[in-house]
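Report on one structure; see the data block that follows.
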Amino acid sequence: MKRIILPLSLALALMLLFAALPVQALEMGDLTSSSVISRETAYYTVTVKAGDGGSVFPGGSIRMKEGSSRFFTITPNAGFVVADVKINGTSVGAVSGYRISSISEDVVLEVSFTLAAGSESQGETEAVSGEAPSQQEKESSGDDEGNNPNTGSC
């Protein structure tokens, strides 16, 4: 039996050539079912902004995994109604809840509330604002001294 003896430099060159082949195949896109591709998961932030007169649950800043969904419940306080809901500045109307589906970017959810028509809260809001009742309001309440009958003082 004859032995083939290769020069050392040729043997090393062949080893390097064969060692590099799998890397070249992978770089060229020849992936097999045993190939593993890892990808870092992206997360996005939903920033919830609720105006005076109600709340949104969950509120604040919520971190969501890319592609996930979440429902936000919008609840007006007594005497208020939802005026408008905006997603990234675009109105979606006066809705009582909103679902963010398959999130793929940061989102700002803004909710504004307004007093309900005929709401008793309107009088409370005026009293809280610090404005004194007008002379006409004093006369109509029968209080010449300017005492507010709603405060409980005599």
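Owing to the predicted nature of the structure, the values given are computational and were not obtained by experimental measurement.
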Report task. List the atom of Asn88, the atom of Asp106, and the distance in Å for their closest heavy-atom pair. Result -> ND2-O, 3.6 Å
Report task. May I have the step-by-step check of side chain to side chain contact (heavy atoms under 4.5 Å, CB included) for Tyr44 and Val107, ending in yes or no? Result -> CA-CA 8 Å; Tyr44 298 100; Val107 175; over 6 Å; no
Query raised in the report: Do the non-hydrogen side-chain atoms of Val46 and Arg70 ever get within less than 4.5 Å of each other?
Result: no
Query raised in the report: Can you tell me if Asp84 and Ser91 form a side-chain donor-acceptor pair at under 3.5 Å?
Result: yes
Requested in this report: Mark yes or no for whether Ser69, through its side chain, and Ser102, through its backbone, hold a donor-acceptor pair below 3.5 Å.
Outcome: yes
Report summary line: Residues Ala83 and Ala94: closest non-hydrogen pair is O-CB, 3.7 Å
Query raised in the report: For the hydrophobic clusters of this structure (ILVMFWY residues joined by side-chain heavy atoms under 4.5 Å, transitively), does one cluster hold both Ile62 and Ile87?
Result: yes
Query raised in the report: Are Arg63 and Tyr43 in a cation-pi contact, defined as NZ or CZ under 6.0 Å from the six-membered ring centre and within 45° of the axis?
Result: yes
Requested in this report: Indicate the atoms forming the closest heavy-atom contact of Val48 with Pro58, along with that distance.
Outcome: CG2-O, 3.7 Å
Query raised in the report: Is there a path from Val95 to Leu109 through hydrophobic residues (I, L, V, M, F, W, Y) whose side chains come within less than 4.5 Å of each other?
Result: yes
Query raised in the report: Do the non-hydrogen side-chain atoms of Phe113 and Asp52 ever get within less than 4.5 Å of each other?
Result: no
Query raised in the report: Would you call Val85 and Glu110 a side-chain contact if the rule is heavy atoms closer than 4.5 Å?
Result: no
Query raised in the report: Under 4.5 Å between side-chain heavy atoms, hopping through other hydrophobics if needed: is there a path connecting Val81 to Val56?
Result: no
Query - Candidate pair Lys49 and Val108, rule side chain to side chain contact (heavy atoms under 4.5 Å, CB included), full reasoning - result: CA-CA 8 Å; Lys49 298 178 180 180; Val108 176; 4.2 Å; yes
Report summary line: With sequence neighbours left out, the residues meeting side-chain contact (heavy atoms from CB on, under 4.5 Å) with Phe57 are none
Report summary line: dist Phe72:CZ -> Ser96:OG (nearest 0.5 Å) comes out at 14.5 Å
Query - Heavy-atom closest contact (Ser68 atom, Lys65 atom, distance) - result: OG-O, 2.6 Å
Query - Candidate pair Thr90 and Val92, rule side chain to side chain contact (heavy atoms under 4.5 Å, CB included), full reasoning - result: CA-CA 7 Å; Thr90 302; Val92 294; 5.6 Å; no
Query raised in the report: Closest approach of Ala50 and Ser55, non-hydrogen atoms and distance?
Result: CB-CA, 4.3 Å
